[in-house]
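Chain letters run A, B, ... following the sequence lines, proteins first, then strands; residues in each count from 1.
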There are 2 protein chains.
Amino acid sequence: MPPVAPEGAARSTARRPSDRRTGRGQATCERLRRVAACLFVARGYDGVSLDEIVQAAGGSKTNIYAFYGGKEGLFVAAIEDALGEVLRPLTGADTRGLALEEGLTRLGRALLDALLTPEALALHRMLIGETGRFPRLGAAWYAAGPATSQAAFAGFLARALAGRPEAAEIGLLARLFHDMVAGDLQHRALFEPVPAGEAERAASVAAAVRAVKALTARGG
Amino acid sequence: MPPVAPEGAARSTARRPSDRRTGRGQATCERLRRVAACLFVARGYDGVSLDEIVQAAGGSKTNIYAFYGGKEGLFVAAIEDALGEVLRPLTGADTRGLALEEGLTRLGRALLDALLTPEALALHRMLIGETGRFPRLGAAWYAAGPATSQAAFAGFLARALAGRPEAAEIGLLARLFHDMVAGDLQHRALFEPVPAGEAERAASVAAAVRAVKALTARGG
DNA sequence: ATGAAATGATACCAGCCAGTATCATTCATA
DNA sequence: TATGAATGATACTGGCTGGTATCATTTCAT
């Protein structure tokens, strides 16, 4: 039997988060996060047990409590990783020097292809379901997803339109373009097994581009 | 001990769905469905236990197996009810004889108010999460929600524009209008605790209406 | 090298849950 | 009113889960 713990010290034998960490420990820690992200994204928080994660990743439940404090901590860490991973392509398109139509088409298509990825859809689905329990993750998704891509659209529009509309109009245009490109296809993809194919994506982007051109042809 | 069941008959004492149903039974059956809908919508399939439903609704687990065959059956029945309930306002707006701007504004606002209801948002969230397990329900939601309201928009546009654009363009316009009105506000509402207020709703509808007017001013 | 700390494997606990069984009670109907 | 079916209450089963405890093994700083 261990000696009685001094006043204020941990009274149980629960493992405290380690300060020093072994190389092996670091590897296990990352493996756990990667595997957990995959499982959590596919089946949600309640749908995955710690035993399953451990069995797939190696290590042991002890690690989860030592590294992440518990199931919730592992979940948050894993999903924050996945967020950055899935939405990275949103910021990748290079539109310097492109004209309005060409640039919007490229940006819109990049958005659509990123959002309709199976990984992005699964993550989106899961986050919507868990927003009640983990509000911070939902906010992070919105910030990294729609907010980011709308900002990218706005930046391009400001350049391409060379200040013709007022700044406030630019933001609105960007939002409308975003919704016209992605709204319906993403919505349907969340409920159907097979996301829209090449033809539908191109048509959706083309329609949105035509709309923006019509909206900017006169004063707005 | 019951006599040995004849060949092919139910071998266990599990209660078969009843053919005759008592008045009390009918009442319990409906109470179970109502209460279950409320709980399932709020917390999802796994988040609600049969014992909890029974405790809140009265009756007993026996009823659930007799009336609905099990948890899944009760879930599907309850959610199908809720679908019809929540999306009913979508079809309520009367736009006969209204001009383009006035009619679109009224329809758009009706859509937005229906979609941003706490009940609709909770149902939407939950359905997205359970689509993997219950694909039929997701399809039913899309059909009763976006598809229905897009059809309503298309019907009005066809009347208000008096056949000016071709039919194919009408459908596209309706979809774009739907997405411009609801896309961003609904998306945000799914992740934020408080949905958009009066000012934002009016602004979103107004922007979408202006866009449609601009798109139809010339040939489309 | 060596010993304290980090890590791994495993068993365990308490609680929850879907589904079933059993028996008491209530209802519809003849 | 009498009777058989429908309904209600309750307990049980088998399985799973998050979290903890225990002890063996590995790592790494000294």
For the residue pair B:Phe191 and A:Tyr142, does the interplanar ring angle fall in the parallel (under 30°), tilted (30 to 60°) or perpendicular (over 60°) class?
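Tilted: the ring planes of B:Phe191 and A:Tyr142 meet at 30° to 60°.
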Parallel, tilted or perpendicular for B:Phe153 and B:His178, by the 30°/60° rule?
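Ring orientation, 0 to 90° scale: tilted.
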Can you tell which of [options] lies closest to the side chain of [X]?
{"X": "B:Thr62", "options": "C:dT7, D:dG8, D:dG18", "result": "D:dG8"}
{"X": "A:Ser60", "options": "D:dT7, C:dA21, C:dA9", "result": "C:dA9"}
{"X": "B:Asn63", "options": "D:dT7, C:dT20, C:dT7", "result": "D:dT7"}
{"X": "A:Leu50", "options": "C:dG8, D:dT10, D:dG19", "result": "D:dG19"}
{"X": "B:Tyr65", "options": "D:dT10, C:dG19, C:dC27", "result": "C:dG19"}
{"X": "B:Lys61", "options": "D:dA9, C:dC27, C:dT20", "result": "C:dT20"}

Can you check the [X] [atom1] to [N] [atom2] distance for me, whole Å?
{"X": "A:Gln55", "N": "C:dA11", "atom1": "CD", "atom2": "C1'", "answer": "16 Å"}
{"X": "B:Gln26", "N": "C:dT26", "atom1": "CD", "atom2": "C1'", "answer": "17 Å"}
{"X": "A:Phe67", "N": "D:dG19", "atom1": "CZ", "atom2": "P", "answer": "17 Å"}
{"X": "B:Glu30", "N": "D:dT7", "atom1": "CD", "atom2": "C1'", "answer": "16 Å"}
{"X": "A:Ile64", "N": "C:dA6", "atom1": "CD1", "atom2": "P", "answer": "19 Å"}
{"X": "B:Leu74", "N": "C:dA18", "atom1": "CG", "atom2": "C1'", "answer": "13 Å"}
{"X": "A:Lys71", "N": "C:dC16", "atom1": "NZ", "atom2": "C1'", "answer": "13 Å"}
{"X": "A:Leu32", "N": "D:dG18", "atom1": "CG", "atom2": "P", "answer": "14 Å"}

Base, sugar-phosphate alone, or nothing: which one does B:Ser49 contact when heavy atoms must sit under 4.0 Å apart?
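Touches sugar-phosphate only.
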For A:Val48, answer base if it contacts any base atom (sugar-phosphate contacts may also be present), sugar-phosphate if it contacts only those atoms, and nothing otherwise; contact means non-hydrogen atoms under 4.0 Å.
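A:Val48: backbone/sugar contact only, no base atoms under 4.0 Å.
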Could you walk me through whether B:Ser204 and B:Arg201 pass the side chain to side chain donor-acceptor pair (under 3.5 Å) test, one step at a time?
CA-CA 5 Å; B:Ser204 185; B:Arg201 299 184 191 201; over 6 Å; no
Tell me if the CD atom of A:Glu85 is crowded by more than 12 foreign heavy atoms within 6.0 Å.
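Atom CD in A:Glu85 is not crowded, with 12 or fewer foreign heavy atoms closer than 6.0 Å.
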Within the distance-only criterion (no hydrogens, no angle test), does the side chain of A:Lys71 pair as donor or acceptor with the backbone N or O of A:Val48 below 3.5 angstrom?
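Looks like yes, one N/O pair under 3.5 Å.
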By nearest nucleotide on DNA chain C, pick out whichever of B:Glu72 and A:Gly59 is the more 5' one.
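Closer to the 5' end of DNA chain C: A:Gly59.
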Of B:Val54 and A:Asp51, the one whose closest DNA chain D nucleotide lies more 5'
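Mapping each residue to its closest nucleotide by heavy atoms, the 5'-most match is B:Val54.
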Please check the phosphate of D:dT7 (OP1 and OP2 only) for any side-chain N or O of B:Thr28 closer than 4.0 Å.
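It does not, given that no N or O in the side chain of B:Thr28 lies less than 4.0 Å from OP1 or OP2 of D:dT7.
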